[in-house]
Amino acid sequence: MQLLKWVLNLLLVCSMLQVFPLPLAQTICSEADRAALLGFKAKILKDSTGSLSSWVGKDCCGGDWEGVGCNPTGRVNTLALQRPERDSTLYMKGTLSSSLGSLQFLEVLFISGMKFITGPIPESLSNLSRLKQLVLEDNSLQGNIPSGLGRLSFLQTLSLAGNHFNGVVPLSLGNLRNLVMLNLGRNSLTGSIPSSFKNLVHLQSFDLSFNLLSGFVPEFLGQFHNITFIDLSNNQLSGHLPVSLFNLVTLSDLSLSHNQLTGSIPDQVGNLKSLTSLSLSHNKLIGPIPASISRLQKLWSLNLSRNGFSNPLPAISSKGVPSLLSIDLSFNNLSLGTVPNWIMDRQLSDVNLASCKLRGAFPKFRPDSLSSIDLSSNLLTGTISTHFTNMTSLQKLKLSNNQLKFDLSELKVPDGISSIDLHSNQVFGSLSSILNNRTSSFLEVIDVSNNLISGTIPEFTEGLSLKVLNIGSNKIAGQIPSSISNLIELERLDISRNQITGTIPASLGQVVKLQWLDLSINRLTGKIPTSLLGIHSLRHANFRANRLCGEIPQGRPYNIFPASTYAYNLCLCGKPLQPCKGKKQEMVQ
């Protein structure tokens, strides 16, 4: 997606430089064009970007009308309105006016990121015969893509990504023989990839990701000899990988992940000499990974996870795939035993080998470059005491579902780590080893559930950034500290299946970003504090199997959670359970 944005911005800048110079002082915009622009403005009911507030006066070509550019004869040839990235408070609300179709000299139409522009694309846009760039991405447009867009024969860029379009992709788009970039991603388009697309031989970027497309990956993609970017991920495509795809010597980024593709990876994959990123994850591909992959000199990211690939793993020399930085072979039918040397001895940033039947002691990677390690769901044993001390770049560590056995006090991780997941091992010791006044403010996720951890829940200091804290299914006793209120970023808290006593602190109600709360199967007493009503984002809660008593907080969502949320306590009452004593009579009076 970053590549797509880069290409799009480059094309837009080039177009603007080519198609219009700075406005001349004597140029006055066409009255017809001014009326068309005001027709667009009239259909925008709210504009928090403030862009359209500059559209006043008679001269739309004087440089004061934001986003409007003109040619030397006073005809509007550019309309470019884009919400600043990362500012979610800015948007436009309304629909696209058919008056835009009256801008006869328009070459660039760019309305992007406005979020609340709804309704269909006006059919009148098919009349913009000079249009070269049409970008309407990240709005809320809906309906079918108009087939009339196929008449815009000069079009070089077409991006309708990030809307709510449905229906099939129009065959007529195959008439756009000058297209360099086509992006229809992140919609709800159905049907197959049109056969007419075989005419789009000048394409450099092709993105249909995150739709509901079915059918096969077309053979004709192998005719796109200028293509650098193909993303057909997150669809329902089936069939084999077409061999023709692997003759694209200019292709740098190929993603076909999250489909239903079958068969094996052809040996010709080694022909993709420009390939930097290959993602085929979440499919039904089988067979061994071809050894020809070692010829991919520029490949830095390889994701083949969640398929049915099997042994043997190719024996790759130290000179093979020399640019590799990230590898994911997780959840296949691989039985590796140990991490291959060609993976272990490289300066990789991400290693993901979950469920690869790794056995024995924890492998010793090169410590100086790794930022993410996932060796979960294997058969690793023993300790990991000093393995991460020198991994100064490590941010994510996932070793869950193994047979690791060590004291938490032995775990030494770098200060910059953001996620630690050790759940379902045989880890013991006290939480205070990883949660104390030295805990890094970068740490966002701790999951040590389903282990043998004992002791108490330590006090939480100010300044922590934890979003997930899962300590469920251990042997932790003591009380929930009132300093839980210091976890102001916390979204998920699970302390279930322990031996926690005391009351639920009222200060928990100050953790207002909480979405998931599980306190079940402990020894908690007292009431559920009404302060929890202040947590408006809560989507799941579980208080079952404690010793709680009194009225359940009578407000959403607590009074509409299922009764099982509160089952097996001493004497809880109030919706969704039976009324508290005396309450029923008060309601009748």
For this session: Compute the ring centroids of Phe362 and Phe388, then answer whether they are less than 6.0 Å apart.
Result: yes
Exercise. Relative to the ring of Phe224, is the ring of Phe206 parallel (under 30°), tilted (30 to 60°) or perpendicular (over 60°)?
Worked result: perpendicular
Problem set entry | Atom pair CG/CZ of Leu466 and Arg492 - distance to nearest 0.5 Å | 14.0 Å
For this session: Mind listing the closest non-hydrogen atom pair of Asn163 and Asn187 along with its distance?
Result: C-OD1, 2.9 Å
Exercise. Taking atom CD1 of Ile420 and atom CG of Leu399, what is their separation to the nearest 0.5 Å?
Worked result: 10.0 Å
Problem set entry | Nearest non-hydrogen partners of Gln156 and Gln133, listed with the distance | OE1-NE2, 3.6 Å
For this session: Return the orientation label for the Phe116 and Tyr91 ring planes: parallel under 30°, perpendicular over 60°, tilted otherwise.
Result: perpendicular
Exercise. More than 12 non-hydrogen atoms from neighbouring residues, nucleotides or ligands closer than 6.0 Å to NZ on Lys298, yes or no?
Worked result: no
Exercise. Would Arg186 count as a cation-pi partner of Phe210, with NZ or CZ less than 6.0 Å from the six-membered ring centre and within 45° of the ring normal?
Worked result: no
Problem set entry | Distance, nearest 0.5 Å, that separates CG of Leu285 from OG1 of Thr262 | 7.5 Å
Problem set entry | Gap between atom NZ of Lys357 and atom OG of Ser377 - 0.5 Å precision | 10.5 Å
Exercise. Say you draw a straight line from CG of Leu261 to CG of Asn307; how long is it, rounded to the nearest 0.5 Å?
Worked result: 8.5 Å
Exercise. Can you tell if the side chain of Asn127 reaches within under 4.5 Å of the side chain of Arg151, non-hydrogen atoms only?
Worked result: yes
